[in-house]
Amino acid sequence: MPMKNLIPYFTLGYPNNETLKRFLMAMPLDIINYIEFGFPSNDPRYDGPTIRKTHRIGNENYNENFYFDIFKHFSDNNIKMYSLSYYSDIDDIERFAAILSNLGFSGSIIPDLLIDYYDEAFDVIETLNDMHFEYIPFFTPSTPDNVIKKVSEKTFSWIYYGLQPSTGIDIPYDLDYTCSRIFSLVKSREINFGFGIKTIDDVSELARRGASGVAIGSYLVNMLDKNDVNGFIDYLKMIRGALDVEA
Amino acid sequence: MSEEFKSLLSNDIIPENWYNVTPDLPEPLPPPRDTKTDFSSINLLNKILPKEVLKQEFTFKRYEKIPDEIMEKYLQIGRPTPLIRAKNLEKYLDYNGKIFFKYEGATATGSHKINTAIAQAYYAMEESANGVTTETGAGQWGSATALAASLYNLKSQIFMVRISYEQKPLRKVVMSLYNSNVVPSPSNLTEFGRKILKENPEHPGTLGIGISEAVEYALDHNYRYMVASVMNSALTHQSVIGQESIRQMELLGEFPDVLFGCVGGGSNFGGFAFPFLPKSDDIEIYATTAHEVPKFSKGEYKYDLMDTAGVLPAVRMYSLGADFVPPKIYAGGLRYHGAAPSLSLLINHGRIKSDEVSESEVKDAIKIFANTQGFIIAPESGHAVASAIKYIKNHRNDKKTLLINVSGHGLLDLSIFQ
């Protein structure tokens, strides 16, 4: 079986450019599969308080030029990069995708597109498809069945399934039902889960039920805050281990 | 009692499951959003709502089994409620089609509110909460909460808006009969209430203040906060209304062409109308509000606060603004500034139509209904009947089958006719 995906998430500019660079460059490339970068937004409406904080501070610090070499580092090492971008921040979708492509990004997760801009969503998806830029469908438990089916049919990349209404919070849910629902609606597709995943148990439970991988963001913030690079690496290795057991 | 009437009221009319509309919506339901930078009001729900209610709030499960312990209480408080053909009303209106109404006024507390109160109190009891708490305006929701708590031997603490507490003493008596502790809000029971009273000892209170007090009380006393409407879980519990109606209509060999319901926060309406959505794409559905609270025609479809105090998360809904001060209209249950997100989405999408009626139309409708069918209905429900009467006047020869949700009786609201 292929290796299950570990997808760490970072908001650019948080806690500051230098610290983030240190974390990113220390990350062993053989234990991660993709990397997700949040471009700081003034209105990260579908993020929880922890990630909202990273956007606020990231906004103050973010310097595009600072990250060119870092993006190149991941791109050169075949780690696919995805942006987490809010559609409310995008003025021109073609220009947006072209710029990210030039920076080495493979695609984007746009969490507000299906929720707040549903009428425009399918045109946006078509534009990105034409540009061979991966639109990552972002579904949550609130996404209706017909929308999941329709969007899945129009897209070709992996799917991001958010387990919670926003990141870093902990609303109870039935994991068996959650997994069986999404797997029955979307067959033979890579589905990576995110939102509220932190422990080895969380990861094992998901992997056991057939998840293709996990995205982890909020839980890394504490390590960034403490400048705990070693703890961060150990944590990622533990998660990698949990994913490998189930692969 | 006729055989037909008995079969319409047999125990098996009550559905085995609640119906959740989320997976059947035409577009994704915008999730609740935090409004504060470093604080999650969504996470706050985790601390004040029973876990199972919270789970149902965010679930995409189309059907959720109604636990036996809740089913037993539904039977006890008068479910299934009657579905009756309004033959005299048809005759009075000289209508060539058929009119049916579902009568939620037949429950123990006289309105639909008890359907979700029982469910929420049960889940609070299941996780060993010390009691339940909520706010109430006119007192319908408070009465339902008080009874539901009493049925499960739970304590209940109700914060009743001070002005209503003083003006509607009978509702207070109803709650007290069910052993509830009812206090005027703002109260001395909470820090928030004490702060307001210090600033203005004569403060008349608002629902927003009541919510803040109830939330604080829940956090401090291991109580669970009871949600009256707007939130998805409440609409899901109310789906017993629509599902019973479908079965009762089927037993009569009928299916409605047009549905009418009134909208305050949207729970009676959603519970009544949503179960029909997967059954037919053609059914016409009207959500009626008061002229004085024109949320669908003058409101904006946007993220707004559920409560004026901003304790609960913001949701995307039709709203007149959380600071909208409604006039003291004859139908207190329809004064709410917004409407449930799922209902708002369906209105915005065009699947459900909205209507508004005036106070005189509502009072006329209540009188007509009382004199033709005998039931004195709640002023809120009078909006649905008024809307149906208006519809009939414009579609006299269509021979359509109409179904109206009468969400409650009006026996404690007679002062509107004085």
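Sequence lines set the chain letters: A, B, ... in the order given, protein chains first and strands last, and positions in each chain run from 1.
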**Student:** So which residue, Leu114(A), Thr143(A), Ile115(A), Asp112(A), ends up with the most heavy-atom pairs under 4.5 Å with chain B?
**Tutor:** Ile115(A)

**Student:** Near Lys198(A) NZ, under 6.0 Å, is it more than 12 heavy atoms from other residues, nucleotides or ligands?
**Tutor:** no

**Student:** Out of curiosity, Thr35(B) OG1 to Arg45(A) CZ, how far, rounded to the nearest 0.5 Å?
**Tutor:** 14.0 Å

**Student:** What heavy-atom pair brings Asn46(B) and Ile171(A) nearest, and what distance separates the two atoms?
**Tutor:** ND2-N, 4.1 Å

**Student:** So for atom CD, which belongs to Glu190(A), do other residues, nucleotides or ligands contribute more than 12 heavy atoms lying within a distance under 6.0 Å?
**Tutor:** yes

**Student:** Do any of residues 176-187 of chain A have a heavy atom less than 4.5 Å from a heavy atom of chain B, and if so, which, in residue order?
**Tutor:** Tyr177(A), Thr178(A), Arg181(A)

**Student:** Among Thr140(A), Ile148(A), Val147(A), single out the residue with the greatest number of heavy-atom pairs under 4.5 Å to chain B.
**Tutor:** Val147(A)

**Student:** Let me see the working for Asp47(A) and Arg33(B) under side-chain contact (heavy atoms from CB on, under 4.5 Å), right down to the final yes or no.
**Tutor:** CA-CA 9 Å; Asp47(A) 281 299; Arg33(B) 263 167 62 177; over 6 Å; no

**Student:** Counting only heavy atoms from other residues, nucleotides and ligands, does the tally under 6.0 Å from NZ of Lys47(B) exceed 12?
**Tutor:** no

**Student:** What part of Asp174(A) gets within 4.5 angstrom of chain B, counting heavy atoms only: side chain, backbone, both, or neither?
**Tutor:** both

**Student:** Ignoring hydrogens, what is the shortest heavy-atom contact between Pro141(A) and Phe60(B)? Give both atom names and the distance.
**Tutor:** O-CB, 2.8 Å

**Student:** Nearest heavy-atom pair of Thr22(B) and Ser142(A): which atoms, and what distance?
**Tutor:** CG2-O, 3.6 Å

**Student:** The criterion is side-chain hydrogen bond (donor to acceptor under 3.5 Å, both in side chains); which residues satisfy it with Asn17(B), sequence neighbours excluded?
**Tutor:** none

**Student:** How about Asp130(A): does its CG atom have over 12 heavy atoms from other parts shown lying under 6.0 Å from it?
**Tutor:** yes

**Student:** Applying the side-chain contact (heavy atoms from CB on, under 4.5 Å) test to Pro144(A), which of Leu25(B), Val21(B), Leu345(B) qualifies?
**Tutor:** Leu25(B)

**Student:** Could you give me the CA-CA distance, side-chain angles and deciding distance for Tyr303(B) and Asp116(A), then say whether side-chain contact (heavy atoms from CB on, under 4.5 Å) is met?
**Tutor:** CA-CA 10 Å; Tyr303(B) 269 96; Asp116(A) 296 328; 4.1 Å; yes

**Student:** Under a 4.0 Å N-O cut-off, is there an ion pair linking Asp145(A) with Arg62(B)?
**Tutor:** yes

